[in-house]
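Structure first, then comments.
First the proteins, then the strands, lettered A, B, ... as listed; each starts at 1.
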Amino acid sequence: MQARREKLERLRAAGVEPFGYSFDRSHTATEAVAALGDADEGPTVTVAGRLVSWRSQGKTAFAHLADMDGRVQLYFRRDEIGDEVFAQLAEYDLGDWVGVRGAMMRTRTGEATVKVSHVELLAKSLRPLPLGKEQMVDGTLVRYSAFSDTEQRARQRYADLAVHPEVRALFRARSVLTRAIRSHLDGLGYLEVETPVLQPLYGGAAARPFITHHNTLDMPLYLRIADELYLKRLIVGGFERVYEIGHDFRNEGIDRTHNPEFTMLEFYEAFADYRTMMSRVESLLVNAADAVRAIPLVGEKVPTLVTPFPRIEWVPSLSQAAGVEVMAVSDAELRTLAERIGVPKVATLSRPKVLDEMFQELVESKIQVPTFVVDYPKELSPLAKPKRGGPAGITERFELFARGKELANAFSELNDPIDQRERFEAQAALRAAGDDEASGVDEDYLRAMEYGMPPTGGVGIGIDRLFMYLTDTPNIRDVILFPTMRPE
RNA sequence: GACCGGGUAGCUCAGUCGGUAGAGCAGCGGACUUUUAAUCCGUAGGUCGUGGGUUCGAUCCCCACCCCGGUCACCA
């Protein structure tokens with residue numbers, strides 16, 4: 001770093017501004033290479049990017065310049081750019097942002113290269129980037145001394161992105177994913193809306209919230225754990241199709257699949273039930289997967305989605321896997337069974353919870369291809385409507401699983417305000433008993449329900465997890481640009 | 001929270017059966033007008049995660065703690 005400072009000073013002394021103001025480029029690196037085509041000489045191009053390699057050879061030098069999505073070789077000759085400028089190249093470092101102009105040419109070894117006739121420094125890099133060396137071996141990129149410390153890559157995402165084109169490609173793909181989702185929902189007549197992140201009451205899921213304080217109002221506010229209750233207020237208001245993509249916040253642990261702040265898509269559609277929402281989810285995911293599949297360096301990993309997704313019913317699938325009629329079997333028998341499967345602390349769990357654990361163990365974790373699990377027990381689904389015409393105690397709810405992980409959760413939404421009040425009050429009782437994941441009674445939401453909400457289907461999809469599934473990324477930290485981390 | 005693995009140069013790592021440390025790349029100086037992990041010669045660079053203990057002496061052994069990763073547990 002000291003050496004780079006000194007170079008900076010020498011450049012300034014020579015009248016070179018080390019931090020430029022703007023630069024007009026005619027081609028990206030990829031476009032410049034394409035402009036040469038198969039020819040040995042090509043048009044003059046102007047390109048800009050970071051210096052990522054440098055091979056000096058006395059009176060010539062080769063370098064590679066990398067920009068957003070590509071790289072191109074640069075060839076400097078003293079007799080081409082003059083003694084003074086050539087001498088100044090000694091003050092350049094890897095990581096510097098430069099702009100160059102020159103004719104495209106092909107080198108002896110066949111690489112498309114800019115024969116530089118003009119070079120200018122756009123920004124001096126004072127801190128060395130952790131650039132490794134790389135080589136193509138049989139068509140695959142081999143890195144040496146790559147920047148691989150997972151912690152530092154997440155903390156210094158800017159450096160991770162700067163030296164790893166495939167990381168840039170991954171996050172570009174993530175952006176493409178959300179764009180595809182928006183485009184798909186917009187095409188169905190959905191309205192994208194924004195609802196409060198700061199909420200006086202939190203609800204719509206069971207999770208511990210982040211709590212903050214508003215000074216002027218002198219009251220606590222909670223960072224939302226879900227968008228659900230506000231989006232359904234909008235259905236009451238007459239927006240028949242709404243969606244929101246935003247961050248939810250849950251004050252819980254951090255691990256491979258959990259970040260305290262994560263991206264949630266929720267969409268609600270009036271007059272729809274959960275069956276309609278299943279087909280919405282299918283077409284949405286197929287479109288999203290197609291969009292991501294088109295991204296180089298990422299798309300190869302995207303699984304092929306075959307619709308319609310298989311559908312299995314919660315109770316029968318569990319009964320079959322367990323070998324007994326789980327809803328009919330005695331409590332004692334059920335618990336014995338659960339223990340044999342390996343469910344921990346069976347004695348401390350309620351019966352619905354035991355069933356849920358058994359389901360996770362026997363069914364959920366074995367689902368590989370995207371599969372809808374439908375018709376959940378009421379005890380596990382407090383926000384879903386009872387199953388029409390179906391057995392008592394079953395609700396119209398589905399979850400989508402793939403590779404053993406939940407991708408979506410949806411209901412035919414409960415719109416009976418009397419029933420809703422009872423469920424809120426049950427939650428409030430739990431909260432009073434010390435369960436800080438339970439919510440209170442949201443009177444304003446009940447008031448909205450009392451005005452009348454049409455039949456509505458609603459879906460929540462965790463975008464981070466969906467993207468992890470599509471790109472086969474095992475750690476959520478690797479799909480969030482700046483994951484939550486302990487301070488250094 | 002438990003267990004396992006790890007923390008040494010800017011990056012990736014090696015090592016010291018206990019005697020205050022090395023390599024490659026990056027850096028710096030030099031040679032080189034088609035190189036591509038360029039090559040060649042030379043050179044600089046480290047409170048060995050933190051604190052304590054044992055010892056004449058600790059980066060190494062012991063204890064505690066911190067941090068990271070993995071597995072498991074917890075978690076609608």
Side-chain angles (χ1 to χ4, degrees), chain A residues 1-4 6-7 40 51-64 71-81 86 90 93-95 105-113 115 125-137 141-156 159-160 163 203-208 225-226 228 250-258 260 342-345 348-350 352-353 356-357 359-360 364 376-377 379-384 397 399 406 409 411 427 435-439 460 462 474-475 477 485-488:
Chain A
M1 290 203 30
Q2 184 61 37
R4 290 185 178 211
E6 289 164 6
K7 288 175 178 178
D40 288 333
L51 291 176
V52 294
S53 71
W54 188 266
R55 293 174 297 283
S56 167
Q57 283 203 116
K59 299 187 182 65
T60 66
F62 288 92
H64 274 98
R71 50 155 54 197
V72 63
Q73 183 168 250
L74 308 180
Y75 179 39
F76 298 91
R77 292 175 63 99
R78 193 169 73 174
D79 57 13
E80 186 82 21
I81 58 174
F86 193 83
D93 286 294
L94 293 182
M105 57 167 270
R106 189 170 304 283
T107 62
R108 189 181 289 164
T109 54
E111 181 163 355
T113 300
K115 189 175 185 182
S125 164
L126 290 176
R127 184 183 293 272
L129 279 168
L131 281 161
K133 294 216 164 186
E134 38 196 47
Q135 176 183 218
M136 294 301 289
V137 177
L141 188 70
V142 178
R143 282 217 174 83
Y144 304 86
S145 309
F147 182 40
S148 59
D149 183 301
T150 52
E151 181 190 356
Q152 290 310 321
R153 288 179 57 189
R155 283 192 192 283
Q156 300 187 39
D160 185 33
V163 305
R208 283 185 292 167
I225 59 172
E228 172 141 357
R250 297 185 183 176
N251 204 339
E252 285 161 6
I254 299 177
D255 64 26
R256 212 163 66 256
T257 56
H258 296 85
V343 174
K345 301 178 198 160
T348 67
L349 303 175
S350 63
K353 195 67 196 159
D356 191 32
E357 291 286 339
F359 187 82
Q360 281 183 28
E364 224 176 271
Y376 279 63
E379 295 91 334
L380 298 173
S381 313
L383 296 165
R397 172 187 181 189
E399 291 193 286
E406 178 190 336
N409 183 21
F411 316 111
Q427 287 280 305
D435 182 349
D436 55 3
E437 285 198 348
S439 54
N475 199 316
R477 182 193 56 213
M485 302 192 79
R486 203 182 292 274
E488 286 182 86

Euclidean distance for P, B:G51 against B:A38 (whole angstrom): 40 Å

**Request:** Using the C1' atom on both, measure B:G49 against B:C66 and round to a whole Å.
**Result:** 7 Å

Applying the 3.5 Å cut-off to both distances, the Watson-Crick or G-U partner of B:A37 turns out to be none

Separation of B:U33 atom P from A:Asp79 atom CG, nearest Å, is 11 Å

note: A:Arg78, atom CZ; B:U34, atom P; distance rounded to Å ~ 13 Å

Kindly indicate, with the supporting measurements, whether the criterion side chain to side chain contact (heavy atoms under 4.5 Å, CB included) is fulfilled by A:Arg4 and A:Ser125.
CA-CA 8 Å; A:Arg4 290 185 178 211; A:Ser125 164; 3.1 Å; yes

Taking the same atom, C1', in B:U59 and in B:U20, what whole-Å distance lies between them?
8 Å

Worksheet item: Do A:Leu74 and A:Leu51 pass the side chain to side chain contact (heavy atoms under 4.5 Å, CB included) test, and can you show the C-alpha distance, the side-chain angles, and the key distance before you say yes or no?
Response: CA-CA 9 Å; A:Leu74 308 180; A:Leu51 291 176; 4.1 Å; yes

note: A:Lys59, atom NZ; B:A38, atom C1'; distance rounded to Å ~ 17 Å

Against the side chain of A:Lys133, the closest entry in B:U34, B:C11, B:A38 is B:A38

Closest non-hydrogen atoms of A:Ala154 and A:Met485, given as atom of the first, atom of the second and distance, are CB-SD, 3.8 Å

Original post:
How far, in whole Å, is B:A44 from B:G29 if one measures between their C1' atoms?
Top reply: 10 Å

Here the distance between atom C1' of B:U34 and atom CD of A:Glu80, to the nearest Å, is 13 Å

- prompt: How far, in whole Å, is B:G18 from B:A58 if one measures between their C1' atoms?
  reply: 6 Å

To the nearest angstrom, the CD-P distance between A:Gln156 and B:G10 comes to 13 Å

**Message:** Is the ring pair A:Tyr75/A:Phe62 parallel, tilted or perpendicular, if the boundaries are 30 and 60 degrees?
**Reply:** parallel

P atom, B:G15 versus B:C32: distance in rounded Å?
40 Å

Quiz item: With a 4.0 Å cut-off on heavy atoms, is A:Gln152 in touch with a base, just the backbone sugar-phosphate, or nothing at all?
Solution: nothing

Side-chain contact check for A:Leu94: nearest option of B:U35, B:U34, B:A26 is B:A26

Has the side chain of A:Gln73 got a donor or acceptor that lies under 3.5 Å from a partner of the other kind on the base of B:U35? yes

Could you walk me through whether A:His64 and A:Glu111 satisfy the side chain to side chain donor-acceptor pair (under 3.5 Å) test, starting with their C-alpha distance in whole Å, then the side-chain angles of each, then the deciding distance to 0.1 Å, before giving a yes or no?
CA-CA 11 Å; A:His64 274 98; A:Glu111 181 163 355; 2.8 Å; yes

A:Lys115 atom NZ is separated from B:U33 atom P, nearest whole Å, by 15 Å

On a heavy-atom basis, the closest approach of A:Phe86 and A:Gly58 is CE2-O, 3.1 Å

Closest of B:U12, B:G27, B:U35 to the A:Ala3 side chain is B:G27

Quiz prompt | Integer angstrom distance from the P of B:G22 to that of B:U47 | solution = 15 Å

field: Stepwise side chain to side chain contact (heavy atoms under 4.5 Å, CB included) check, A:Gln360 with A:Asp356
entry: CA-CA 6 Å; A:Gln360 281 183 28; A:Asp356 191 32; 3.7 Å; yes

Item to complete: Scan A:Thr107 against the nucleic acid and name what it touches under 4.0 Å (heavy atoms): base, sugar-phosphate only, or nothing.
Response: base

**Item:** Presence of A:Arg55 side-chain N/O under 4.0 Å of B:A38 phosphate oxygens OP1/OP2
**Value:** yes

Partner of B:G27 under the Watson-Crick or G-U wobble criteria, both distances under 3.5 Å, comes out as B:U43

Note: for A:Gly110 and A:Arg4 on RNA chain B, the residue whose nearest nucleotide lies more 5' is A:Arg4

Quick check against the 3.5 Å criterion: does A:Arg250 have a side-chain atom that pairs as donor or acceptor with the backbone of A:Ile225?
yes

As its Watson-Crick or G-U partner within any shown strand, both distances under 3.5 Å, B:A14 has none

Scoring nucleotides 65-76 of chain B by protein non-hydrogen atoms under 4.0 Å (B base, S sugar-phosphate only, - none) yields --SSSSS-SSBB

- Query: Counting only heavy atoms not in A:Arg55, do more than 12 fall under 6.0 Å of its CZ?
  - Reply: yes

By the Watson-Crick or G-U definition, both distances under 3.5 Å, B:U71 is matched with B:A2

Side-chain atoms of A:Ser56 come closest, of B:C13, B:C32, B:U33, to B:C32

Nearest heavy-atom approach of A:Arg397 to A:Asn409 is NE-OD1, 3.0 Å

Which whole number of Å gives the distance between the P atom of B:G46 and that of B:A37?
31 Å

Paired to B:C56 by Watson-Crick or G-U wobble criteria (both distances under 3.5 Å) is B:G19

Side-chain contact check for A:Pro130: nearest option of B:C11, B:U35, B:U33 is B:C11

From CD of A:Glu6 across to C1' of B:G27 the rounded distance in Å is 12 Å

Rounded to whole Å, CZ of A:Phe62 lies from P of B:U35 at a distance of 6 Å

